[in-house]
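Presented below is the structure to which this report refers.
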Amino acid sequence: MEMEKKELPVRPADMAEIKTPELAKAFIDEQIAAIRERVGDKRVLLALSGGVDSSVVAALLIKAIGKNLLCVHVNHGLMRKNESEGVIDLFKNQLGAELIYRDETDRFLGLLEGVSDPEKKRKIIGEEFIKVFDEEAAKHGDIPYLAQGTIYPDITESKDGIKAHHNVGGLPDGEEMILELVEPLMFLYKDEVRVVGKALGLSDELVNRQPFPGPGLGVRCLGAITRDRLDALREADAILREEFDKCGLSKTVWQYFISVPDFTSVGSRNGKRYEGWPAIIRAVNTEKALTATIEEIPYEVLHRITDRITHEVDGINRVVYDLTPKPTGTIEWE
Ligand code: XMP
């Protein structure tokens with residue numbers, strides 16, 4: 001499938017880097033005015049994944065348009081362990097947002113069955129997302145706008161043809177789009193989004209969450225996704241995160257996750273031959289995700305994670321650590 005050739009926006013050359021609460025406040029005021037001016041008293045649907053970017057958009061839109069914001073959380077079946085439950089708890093139960101939950105696991109996994117090309121996978125996930133939102137918008141009457149947490153690297157990397165980030169190159173062509181996009185963070189880098197999130201009053205825990213790609217575990221369950229391998233990936237990833245929390249690395253490492261490729265190797269478990277997939281650990285540090293370096297994880301931590309994953313997760317018999325910086329690797333494997 002070809003990448004789209006549409007013109008993508010460029011960050012204004014004179015835009016100051018948002019490093020301080022004052023600059024964040026000026027950005028917030030400017031965006032609130034622009035959003036109000038653009039959407040008037042119409043309703044806006046927000047794709048709320050629960051990640052930093054969409055959460056910051058949610059906070060900004062609540063300030064700008066209040067009850068005219070309707071959040072939708074779509075579980076595409078590619079979320080991390082307990083992730084959707086956490087989103088519902090925080091936004092619906094704690095922050096009182098109007099939130100609709102759609103569990104579309106079977107729909108997404110069905111469409112992805114047998115699809116191994118990474119760009120096709122991204123495109124399928126991106127297009128189906130928009131369809132779910134179109135359906136939701138139609139159900140709720142006149143909602144002409146769809147807000148998204150697109151940030152600048154999503155645009156630049158799609159423009160350079162490196163990857164079709166799911167909220168940019170993965171969208172359908174203009175004529176198929178029913179909803180108009182509202183993307184207030186489109187010129188910001190991740191570090192700037194965090195400063196804006198803090199200035200909006202979001203918790204440290206939320207604004208410092210590690211990034212999670214729109215296509216979720218779909219780009220970490222490498223090749224054609226199968227439910228058993230996806231489950232193994234989800235469990236292994238939960239162990240990695242738990243161990244990083246325990247030793248404090250989750251506070252310092254920018255992004256860390258597991259990918260599981262679609263091949264097996266020979267091993268043994270309980271004295272018997274055991275063929276399983278390898279779990280690949282990646283832990284990277286970066287400021288703007290354009291380049292990245294590798295975290296030097298202490299060996300004892302690596303050993304503990306390896307021991308737990310290979311004993312606790314069905315289907316995984318090896319753990320390897322990816323030492324590739326960006327470039328030449330990208331952060332995600334797909
Ligand atoms: P790469 O793999 O391109 O990733 O080096 C750079 C950063 O972007 C995240 N990423 C995405 N974020 N939609 C997103 O919102 C996507 O489709 C997407 N793909 C990658 C990735 O996790 C890393 O933080």
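Just so it is clear, the values below take in all heavy atoms, side chains as well, and ignore hydrogens, waters and symmetry mates. Everything numeric here is computed off the predicted structure, so don't read it as measured data. In this chain, residues are counted from 1 in sequence order.
- Between the side chain of H73 and the backbone N or O of L48, at least one donor-acceptor pair lies under 3.5 Å.
- We find that R241 and D237 are joined by a salt bridge, their nearest charged nitrogen and carboxylate oxygen being less than 4.0 Å apart.
- Residues Y256 and I281 have side chains not in contact (no heavy-atom distance under 4.5 Å, counting atoms from C-beta outward).
- Taking OH of Y274 as the start and CG of N317 as the end, the distance is 7.5 Å to the nearest 0.5 Å.
- Note that CD of E104 is 9.0 Å distant from CG of N75, once rounded to the nearest 0.5 Å.
- Salt-bridge check for D53 with K190: passed, with a basic side-chain N closer than 4.0 Å to an acidic carboxylate O.
- S250 and D245 share a side-chain donor-acceptor pair at under 3.5 Å.
- Remark: R43 engages E98 in a salt bridge, criterion side-chain N to carboxylate O under 4.0 Å.
- Crowding of K288 atom NZ: a count of heavy atoms from other residues, nucleotides or ligands under 6.0 Å exceeding 12.
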Mind running side-chain contact (heavy atoms from CB on, under 4.5 Å) on K246 and R304 for me, showing each step along the way?
-> CA-CA 11 Å; K246 274 193 211 155; R304 198 162 48 243; 5.8 Å; no
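- Nearest heavy-atom pair across G50 and F91 is CA-CE1, 4.4 Å.
- Counting heavy-atom neighbours within 6.0 Å of K25 NZ, excluding the residue itself, gives a total of 12 or less.
- Between the side chain of T264 and the backbone N or O of E275, no donor-acceptor pair lies under 3.5 Å.
- At most 12 non-hydrogen atoms from other residues, nucleotides or ligands lie less than 6.0 angstrom from NZ of K42.
- If you chain together hydrophobic residues whose side chains sit under 4.5 Å apart, I258 and F263 never meet in one group.
- Linking Ile, Leu, Val, Met, Phe, Trp and Tyr residues whenever their side-chain heavy atoms come within less than 4.5 Å places V207 and L200 in a single cluster.
- How far OH of Y189 is from CD1 of I18: 12.0 Å, rounded to the nearest 0.5 Å.
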Applying side-chain contact (heavy atoms from CB on, under 4.5 Å), run through Y152 and L290 and close with a yes or a no.
-> CA-CA 10 Å; Y152 202 46; L290 299 175; over 6 Å; no
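- Defined by atom type and a distance below 3.5 Å, a donor-acceptor pair is present between the side-chain atoms of D89 and N93.
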Does the pair L23 and V195 meet the rule for a side-chain contact (heavy atoms from CB on, under 4.5 Å), with working shown?
-> CA-CA 9 Å; L23 286 168; V195 180; over 6 Å; no
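- E135 CD: more than 12 foreign heavy atoms inside a 6.0 Å radius.
- A salt bridge does not link R194 with D191: none of the charged nitrogens is closer than 4.0 Å to a carboxylate oxygen.
- Using a distance-only test at 3.5 Å, with no hydrogens or angles considered, a donor-acceptor pair links the side chain of Q255 to the main chain of P211.
- Here the CD1 atom belonging to I239 is positioned 9.0 Å from the OG1 atom belonging to T310, to the nearest 0.5 angstrom.
- Hydrophobic clustering, with ILVMFWY side chains joined whenever heavy atoms are under 4.5 angstrom apart, groups L230 together with V319.
- At a threshold of 4.5 Å between non-hydrogen side-chain atoms, the residues R282 and I294 count as touching.
- The shortest non-hydrogen separation linking D314 to W277 is O-CZ3, 4.4 Å.
- Between the side chain of N270 and the backbone N or O of K272 there is no donor-acceptor pair closer than 3.5 Å.
- Going from atom OH of Y321 over to atom CD of E296 covers 8.0 Å, rounded to the nearest 0.5 Å.
- Salt bridge annotation for R227-D106: present, with a cationic side-chain nitrogen under 4.0 angstrom from a carboxylate oxygen.
- Here the shortest heavy-atom pairing between I65 and I35 reads CG2-CG2, 4.2 Å.
- A search for side chain to side chain donor-acceptor pair (under 3.5 Å) contacts involving E30 returns nothing, not counting sequence neighbours.
- When all heavy atoms of P118 and E334 are compared, the pair lying nearest together is CB-CB, 3.8 Å.
- Both I155 and V182 are members of a single hydrophobic cluster when ILVMFWY side chains are connected at heavy-atom separations under 4.5 Å.
- For the pair L78/I225, a side-chain contact is recorded, criterion being any heavy-atom separation below 4.5 Å from C-beta on.
- To the nearest 0.5 Å, atoms CG (L233) and NZ (K81) are separated by 12.5 Å.
- Scanning both residues, K121 and C221, for their nearest heavy atoms gives NZ-O, 2.9 Å.
- Checked by atom type and distance alone, the side chain of R80 never pairs as donor or acceptor with a backbone atom of A238 at under 3.5 Å.
- Ion pairing between a basic and an acidic side chain is recognised when a charged N comes within 4.0 Å of a carboxylate O; R209 and E83 show such pairing.
- Distance alone, capped at 3.5 Å, places no donor-acceptor pair between the R102 side chain and the H76 backbone.
- The minimum heavy-atom distance between A283 and V253, with the atom names listed, is CB-CG1, 4.1 Å.
- At least one donor-acceptor pair closer than 3.5 Å links the side chain of R229 to the backbone N or O of A224.
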Please assess V284 against K326 for the test side-chain contact (heavy atoms from CB on, under 4.5 Å), listing each intermediate value before the final yes or no.
-> CA-CA 9 Å; V284 297; K326 174 180 180 174; over 6 Å; no
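- Enclosure of atom NZ in K139 by more than 12 non-hydrogen atoms of other residues, nucleotides or ligands within 6.0 angstrom is indicated.
- A heavy-atom distance below 4.5 Å is not found between the side chains of I124 and F108.
- Cluster annotation: I130 and I143 are assigned to the same hydrophobic cluster (Ile/Leu/Val/Met/Phe/Trp/Tyr, side-chain heavy-atom contacts under 4.5 Å, transitive).
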